[in-house]
2 protein chains.
Amino acid sequence: MERNKEKGKFEQQQDQELPLGSVGFMMGVTYRKLTALLQQRLKDYEITPEQWSVLYTIVRSQGLIQKEIADRTHKDKPATTRILDHLESKGLIFKEVGKQDRRSFLVYCTDKGRKVIEATIPIEAGMTDVVKAVLSENELVHLMDMLMRIQAHASEMLEQESRE
Amino acid sequence: MERNKEKGKFEQQQDQELPLGSVGFMMGVTYRKLTALLQQRLKDYEITPEQWSVLYTIVRSQGLIQKEIADRTHKDKPATTRILDHLESKGLIFKEVGKQDRRSFLVYCTDKGRKVIEATIPIEAGMTDVVKAVLSENELVHLMDMLMRIQAHASEMLEQESRE
DNA sequence: AATATATAATTGTTTATGCAACTATATGAT
DNA sequence: ATCATATAGTTGCATAAACAATTATATATT
């Protein structure tokens with residue numbers, strides 16, 4: 001009887017402490033927290049974290065086609081189109097129709113776009129510092145390795161399972 | 001000259017292999033891949049992963065107020081309101097006005113809601129198996145621990161920095 | 001050459017997040 | 001008791017992801 005009561009109390013407590021213990025949800029929560037912090041820090045530059053990642057990719061490699069940008073940033077084509085729209089309307093990038101392949105556009109950053117990235121690279125780097133404040137160098141490396149393994153395997157599974 | 005050429009080739013390759021190495025972005029990509037897989041597997045039940053997490057919380061603890069659900073699922077109040085709207089329109093939950101506090105609603109699941117969760121718990125558990133296919137038991141524990149540390153620290157930083 | 005098929009990009013729809021503004025009810029201080 | 005403040009919930013707006021369908025151009029097949 002007493003043990004039952006105790007167990008009841010324990011379970012009730014667990015209920016409050018561990019509402020959703022699965023990896024996927026934890027990862028989502030952590031990602032959103034990190035992103036919100038980065039967004040906060042990028043506020044003065046009027047660019048979102050996802051826009052930053054796309055613009056960064058463009059600054060590093062001028063003249064990519066959208067499909068290639070989509071692959072490198074792990075976005076699908078519609079998402080890429082729309083983020084590029086935002087970047088274009090802010091005057092940070094421009095497009096040019098492909099000469100050989102007229103289906104595609106070559107994407108370039110403007111001077112303004114390059115300057116935004118140059119100015120914000122330290123901010124993005126600061127996010128790694130935030131993580132390193134609670135993780136050792138080894139742990140960070142291990143974390144990245146695990147994330148890559150999970151990501152690769154989940155992609156594989158998804159492709160497999162959606163193919164029928 | 002030759003060395004320069006080689007280096008150019010190497011950098012170009014790096015360019016393709018490591019487009020965005022930062023933790024935050026990697027975590028977002030991994031989260032989305034896991035979520036997409038879960039969504040695929042939940043397809044027959046007409047419920048999304050985020051809806052699942054909210055419904056699961058309700059099934060485990062009947063009569064929570066929305067604020068409490070928001071806290072446990074790490075969502076803000078608007079997001080919670082809208083997800084509850086979806087669950088309600090599918091007949092999986094219902095609300096009841098609070099007796100003591102008439103600002104709040106007590107949320108309960110319907111029979112249908114409970115059955116959906118009971119039927120899909122194995123599917124959600126299957127996501128852990130997907131992760132365990134590429135991570136040892138120890139690594140998974142370590143990963144969860146690191147995620148919690150990062151999440152807590154990022155929350156702290158965000159609160160600190162948004163407070164001025 | 002004509003036709004089928006693949007690919008690049010766009011548009012529309014649904015779901016979800018984050019932020020700000022708002023309503024209604026509770027609580028605290030004078 | 002009144003007035004200020006806090007809290008629960010909702011609504012509106014911007015951004016983004018996932019999926020399906022569409023358009024336009026390339027490539028492959030016969």
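For clarity, every value in this text was computed on a predicted model and none was experimentally measured.
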Please examine the side chains of [Y] and [X], heavy atoms only from C-beta on, and report whether any two atoms are closer than 4.5 Å.
| X | Y | result |
| --- | --- | --- |
| L143(A) | I150(B) | yes |
| V141(B) | D145(B) | no |
| I93(A) | L55(A) | yes |
| M157(B) | R41(A) | yes |
| W52(A) | L38(A) | no |

Salt-bridge criterion met for K43(B) and E161(A) (N-O under 4.0 Å) =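 Looking at K43(B) and E161(A), the cut-off is not met.
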Are R114(B) and D111(B) within salt-bridge range, i.e. N to O under 4.0 Å?
->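 The answer is yes: the pair qualifies as a salt bridge.
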Letter per nucleotide, 5' to 3', of nucleotides 3-13 of chain C [B base touched, S only sugar-phosphate touched, - untouched; heavy atoms, 4.0 Å] = ---BBBBBBBB
Round to the nearest Å and state the distance from [X] atom [atom1] to [N] atom [atom2].
| X | N | atom1 | atom2 | answer |
| --- | --- | --- | --- | --- |
| Q39(A) | dC19(C) | CD | C1' | 9 Å |
| Y31(B) | dT15(C) | OH | C1' | 11 Å |
| K33(A) | dT17(C) | NZ | P | 12 Å |
| I83(B) | dT14(C) | CD1 | C1' | 13 Å |
| H86(B) | dT17(C) | NE2 | C1' | 13 Å |
| D76(A) | dT14(C) | CG | C1' | 14 Å |
| Q40(A) | dT17(C) | CD | C1' | 16 Å |
| E46(B) | dT15(C) | CD | P | 10 Å |

Any idea how Y108(B) and F94(B) line up, ring-wise: parallel (<30°), tilted (30 to 60°), or perpendicular (>60°)?
-> parallel
Report yes or no: is the cationic atom of R32(B) (NZ for Lys, CZ for Arg) under 6.0 Å from the centre of the six-membered ring of Y31(A), at an angle within 45° of the ring normal?
-> yes
Taking only Watson-Crick and G-U wobble pairs with both distances under 3.5 Å, what dot-bracket line describes DNA chain D, where [ ] shows pairs that cross earlier ones and | shows pairs with another strand?
-> ||||||||||||||||||||||||||||||
State whether H74(B) places a side-chain N or O below 4.0 Å from either non-bridging phosphate oxygen (OP1 or OP2) of dT17(C).
->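 The answer is no; no side-chain N or O of H74(B) sits under 4.0 Å from OP1 or OP2.
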Would you kindly compare K99(A) and Q51(A) by the position of their nearest DNA chain D nucleotide and give the one closer to the 5′ end?
-> Q51(A)
If you round to the nearest 0.5 Å, how far is OG1 of T35(A) from CD of E50(A)?
-> 6.5 Å
Answer yes or no: does atom NZ of K115(A) have more than 12 heavy-atom neighbours from other residues, nucleotides or ligands under 6.0 Å?
->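 No, NZ of K115(A) has 12 or fewer neighbouring heavy atoms, counting only those of other groups under 6.0 Å.
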Under a 4.0 Å heavy-atom criterion, DNA chain D is touched by chain A from dT15(D) to dA26(D)
